[in-house]
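In what follows, chains carry the letters A, B, and so on, assigned in the order in which the sequence lines appear, proteins first and then strands, with residues in each chain numbered from 1. Side chains are part of it too, since the values below use all heavy atoms of this structure and drop only hydrogens, waters and symmetry mates.
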Amino acid sequence: MMEKKEILVLKDIRAMYEKGKPVLDGVSLALREGEILGIRGENGAGKTTLLGIMAGIILPSSGTREVSPELDGKITMVPQEIALYPALTGRQNLEFWAEIYGVRGREKADRIKALLARTKLEDKGNKKVETYSGGMKRRLNLAAALVIRPELLLLDEPTVGMDAGSVQELYSWLRELRDEGTSIVLISHDSGEAESICDRIVRLQDGKAEEGTL
Amino acid sequence: MKLLACIKKDIRLLSGGGPGSLLLLLLPAALLLLVLSFMSGMTSVNSYTEPFSIAVRDEDQSFPSGVLMTQLKKVSLFREVITLEENQTDEEMLAQGCAAVITIPKNFFYDLYDMSSTEIDMVLNGNMPKEAAAVRSAVSAIVGILEENQRLYSADAKIRYGNLEGAVKDKVNSDYSGSSLTDVLLRLEYFSIDSLYEDEALSQMVFFAAGICSMFLLFFPLCILRSLYEEKDLGITTRLAVGRGSLALLLSKLLVSFIFTAVPVAVVVRMIRLPEAETLIPAFFILFFASFCFFFVLSLLCRSPERTQLIGNVLILMMLLAGGAIFPYRLLPESIRPLSQLSLAFYVTRGIYAAVLGKGTAGVLQVLIPVMAVIPVLLAAAWLLYGGFSLQKEKR
């Protein structure tokens with residue numbers, strides 16, 4: 001079988017919080033097209049920092065980040081927090097993120113309609129996010145990252161606060177996205193279920209990355 | 001596109017909070033209408049008064065009283081200064097349309113010479129309140145100058161010569177009263193009554209313009225920036241950074257705050273016809289940016305939109321109060337005045353005064369030097385708090 005194309009390559013990445021011990025100490029890894037890469041590690045191991053470096057929003061102290069040109073403007077992220085405006089409605093939040101990614105007109109309307117349906121929030125779309133339950137907010141949080149069809153989707157602990165049913169629904173959605181060609185990086189504490197959907201697992205320990213087995 | 005998305009979002013956040021948010025937006029608008037209605041009344045009462053007639057009865061019939069009559073006739077606010085004959089009554093003159101009948105009492109200038117009474121009799125026309133008020137204001141000013149001079153000269157004479165008697169006393173009194181009269185006459189010539197009159201109207205105009213402009217300058221940046229901490233705390237800025245929208249987020253806040261502030265300020269300045277308003281344009285940019293930086297820092301320190309709004313509202317009220325935007329600065333208690341210089345409203349008032357006094361853009365900017373000095377400090381604080389916060393988030 002032909003090896004899949006590498007779309008993001010990190011080489012010898014070092015990152016520090018402040019002066020002192022580096023949080024990432026020579027991390028090298030490659031993300032392949034259409035795979036789900038799991039990242040695991042203890043609290044403070046540098047998982048979120050590594051995700052930030054992958055996204056291009058944190059500059060490493062040293063090392064290189066090589067990105068495939070097709071990722072340009074096609075990277076989206078689901079942060080650990082509910083990165084939505086509580087005072088806006090679900091629909092308004094999706095409109096905002098769609099416009100940020102340059103989706104407009106009919107395409108925007110269709111996309112938002114489909115996302116609200118997929119997240120089972122059709123009848124709640126015009127309600128303010130602050131009135132949503134925790135699970136509903138999590139689903140909308142993911143939907144906001146899918147207002148475009150991303151080439152690379154970065155997820156930081158997306159299942160926190162979700163019930164078992166919603167988690168299964170999320171994993172099913174992630175598999176679909178992978179099958180459509182989206183590369184996914186998933187940070188999760190859930191060592192069982194989460195790892196089951198990952199094609200590869202990278203463990204961060206003492207600033208180093210070790211590729212684990214499934 | 002990103003900027004437009006952020007602008008749309010900021011406007012939605014500003015107006016989309018239900019009746020409460022709507023009320024917040026309507027409050028300054030209601031205030032604006034109230035002030036404009038007041039100003040409209042004020043300008044119609046004071047600024048566009050046609051010249052009017054007064055009558056003067058000169059019972060003193062002295063050389064100085066003749067000089068005073070001549071000077072009064074030069075005041076442009078008085079269309080005619082009628083010298084009353086013995087058989088003409090006050091009522092007749094008021095019925096003929098005189099705003100006031102002023103009587104220079106017999107021996108007035110002798111009493112002035114003798115350092116005793118300085119009272120001038122005056123009958124005002126109740127049917128011409130605005131004109132009568134102007135005459136009263138002018139006569140009070142003249143008498144006030146005479147009384148002040150008299151007190152000053154009496155004290156000076158006592159210190160210099162002790163208790164004088166006879167011819168020496170007459171000589172000294174004569175010299176001093178001559179000086180006092182000259183002082184009044186010179187002031188009448190160079191600072192005519194109509195200029196005193198206009199100063200009062202202008203002073204009220206500046207006070208209200210400063211109050212309402214300060215309100216807008218402080219209120220809208222607060223309302224727009226209150227969500228800043230929340231956007232960082234919820235990871236919205238992280239997500240925006242991935243979508244390359246970080247700059248648009250901040251730029252949008254700056255633009256929306258500016259538009260929401262500049263438009264009503266421009267309307268107020270235009271409607272009250274503030275003199276030399278164009279010299280205030282650079283000052284407006286500076287004051288707006290200072291306010292923006294201040295609330296940027298406040299939002300990051302308060303760490304929640306609700307707390308930012310609450311503390312911000314209290315601070316705005318204090319700044320308006322201490323800055324002389326609610327009560328004129330001269331009426332503020334001495335204990336509050338040192339705090340005034342910490343208020344943006346204080347500099348708004350000073351800047352507008354400098355403009356209407358014709359000091360030009362350079363003169364206005366000179367007043368704002370303390371504000372300009374504070375901006376880099378606020379910018380540094382904003383950068384540290386915004387950047388420092390990011391570092392904390394990464395650590396977590």
Locate the shortest heavy-atom distance separating A/L84 from B/L234; write the atom from each residue and the value.
O-CD1, 3.4 Å

Would you mind checking which part of A/I82 comes under 4.5 Å of any heavy atom in chain B, side chain (CB onward), backbone (N, CA, C, O), both or neither?
backbone

Evaluate B/K2 against A/E99 for salt bridge (Lys or Arg N to Asp or Glu O under 4.0 Å), listing each step before the verdict.
CA-CA 6 Å; B/K2 288 179 178 35; A/E99 287 163 12; over 6 Å; no

Where does B/L249 contact chain A at under 4.5 Å (heavy atoms): side chain, backbone, both or neither?
side chain

Taking 4.0 angstrom as the limit, do A/E81 and B/K232 come out as a salt bridge?
no

At a heavy-atom distance under 4.5 Å, which candidate from A/N93, A/I100, A/T89, A/I148 has the highest pair count against chain B?
A/I100

Toward chain B, the part of A/V78 with a non-hydrogen atom under 4.5 Å:
both

Check each atom of A/V103 against the heavy atoms of chain B and say whether the ones under 4.5 Å are side chain, backbone, both or neither.
backbone

For residues A/Y101 and B/R239, report the shortest heavy-atom separation together with the two atoms involved.
OH-O, 4.2 Å

Need one label for A/L154: side chain, backbone, both or neither, based on atoms under 4.5 Å from any heavy atom in chain B.
neither

Take atom CZ of A/R104 as the centre, draw a 6.0 Å sphere, and report whether it contains more than 12 heavy atoms from other residues, nucleotides or ligands.
no

Any pair counted as ring pair (Phe, Tyr, Trp, His ring centres under 6.0 Å), so long as it reaches residues 77-96 of chain A, sequence neighbours left out
A/Y85-A/F96

Among B/K8, B/E230, B/E231, B/M1, which residue forms the greatest number of heavy-atom pairs with chain A at distances under 4.5 Å?
B/M1

Pairs of donor and acceptor atoms involving the side chains of residues 316-323 of chain B, under 3.5 Å and at least two apart or interchain, shall be tabulated with distances.
none

Does any heavy atom of chain A fall under 4.5 Å from the side chain of B/L240, the backbone, both, or neither of them?
both

Residue A/A15 versus chain B: region with a heavy atom under 4.5 Å:
neither

Please look at B/R244 and chain A and tell me whether the side chain, the backbone, both or neither of the residue comes under 4.5 angstrom of a heavy atom of that chain.
side chain

Restricting to non-hydrogen atoms, name the atom on B/G235 and the atom on A/P79 that form the minimum distance, rounded to 0.1 Å.
O-CG, 3.7 Å

Correct closest heavy-atom pair for B/T238 and A/I57 would be CG2-CD1, 3.4 Å

Under 4.5 Å from a heavy atom of chain B, the part of A/Q92 involved:
both

Considering all heavy atoms, the nearest A/A87-B/L13 contact:
CB-CD2, 4.0 Å

Using a 4.5 angstrom heavy-atom cutoff, name the option from B/G243, B/A248, B/S227, B/G245 with the most pairs to chain A.
B/G243

